[in-house]
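Working notes, beginning with the structure itself.
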Amino acid sequence: MINEELYTQTLATVREIISAETGNEMEEILPDMHLEDELEVAEGDLTRLIKVLNGHFNIQLDPAAIEEEESVTTVRELATVVAEEIELG
């Protein structure tokens with residue numbers, strides 16, 4: 001189970017980064033929003049977004065693996081994957 005405080009902070013930062021990368025207003029980016037369908041984050045954009053998150057959080061998520069598995073479709077799922085990676089250190 002992910003530390004609640006870590007997850008909350010990670011979700012806020014992920015929303016900020018999505019806003020900066022996509023041009024969507026942060027207030028409009030909700031945790032259960034679908035990255036591709038509602039926020040228009042295409043596959044190439046997801047790769048770029050994951051690279052930005054990797055740099056910001058100093059983690060090593062594999063964009064190709066995430067896209068291939070199609071396990072991350074919402075803002076919440078992305079924040080969860082990032083928080084899990086942070087916890088693993």
Side-chain angles (χ1 to χ4, degrees):
M1 187 75 180
I2 300 171
N3 175 302
E4 186 71 29
E5 184 178 338
L6 171 64
Y7 173 75
T8 301
Q9 292 172 348
T10 302
L11 177 60
T13 304
V14 166
R15 289 177 60 224
E16 289 173 12
I17 291 172
I18 290 173
S19 175
E21 293 296 313
T22 65
N24 291 298
E25 294 293 326
M26 192 177 128
E27 298 79 27
E28 298 173 358
I29 301 171
L30 304 175
D32 291 321
M33 291 184 88
H34 193 276
L35 292 167
E36 188 172 352
D37 295 343
E38 296 178 281
L39 297 173
E40 300 179 2
V41 177
E43 282 188 30
D45 296 330
L46 182 59
T47 297
R48 181 173 41 86
L49 183 59
I50 292 170
K51 288 179 180 179
V52 171
L53 291 167
N54 280 341
H56 180 84
F57 289 105
N58 198 26
I59 56 175
Q60 298 297 317
L61 291 174
D62 181 357
I66 289 174
E67 285 184 14
E68 188 174 300
E69 293 172 16
E70 297 180 3
S71 59
V72 173
T73 59
T74 66
V75 175
R76 182 182 313 277
E77 290 169 346
L78 182 57
T80 299
V81 168
V82 170
E84 288 172 345
E85 189 70 15
I86 293 168
E87 280 194 330
L88 291 175

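Basis for what follows: all heavy atoms, side chains included, without hydrogens, waters or symmetry-related copies. Numbers for residues simply follow the sequence, beginning at 1. Because the structure is a prediction, the values reported are computed rather than measured.
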Does N58 CG have over 12 foreign heavy atoms under 6.0 Å away?
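Atom CG in N58 is not crowded, with 12 or fewer foreign heavy atoms closer than 6.0 Å.
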
Step-by-step side chain to side chain contact (heavy atoms under 4.5 Å, CB included) determination, L49 to D45:
CA-CA 6 Å; L49 183 59; D45 296 330; 6.0 Å; no

Checking [X] now: which residues fulfil side chain to side chain donor-acceptor pair (under 3.5 Å) with it, not counting sequence neighbours?
X   : result
T13 : none
N54 : none
T47 : E67
T73 : E77

For the residue pair V72 and I66, establish whether any side-chain heavy-atom pair is separated by less than 4.5 Å.
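Contact flag for V72/I66 side chains = yes.
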
I'd like to check V75 versus L35 (side-chain heavy atoms, cut-off strictly below 4.5 Å). Are they in contact?
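Contact flag for V75/L35 side chains = yes.
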
Donor-acceptor pair, distance only, cut-off 3.5 Å: does the side chain of [X] make one with the backbone of [Y]?
X   : Y   : result
E68 : A64 : no
T74 : M33 : no
T8  : E4  : yes

Closest approach of [X] to [Y] (non-hydrogen atoms, all atoms of both residues):
X   : Y   : value
M26 : A12 : CE-O, 4.3 Å
L11 : P31 : CD2-CG, 3.9 Å
R15 : E27 : NH2-CA, 4.0 Å

As an exercise, state the distance from CD of E40 to CG of N24, rounded to the nearest 0.5 Å.
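One finds 7.5 Å between CD of E40 and CG of N24.
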
Roughly how far apart are L46 CG and L39 CG, rounded to 0.5 Å?
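Result: 11.5 Å between the selected atoms.
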
Mind checking what makes salt bridge (charged side-chain N to carboxylate O under 4.0 Å, His left out) contact with D62, not counting sequence neighbours?
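Listed in chain order: nothing, the list is empty.
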
Table please: side-chain donor-acceptor pairs of residues 78-89 below 3.5 Å, with sequence neighbours left out.
unit_1, atom_1, unit_2, atom_2, d
T80, OG1, R76, O, 2.9
E87, OE2, N3, N, 3.0

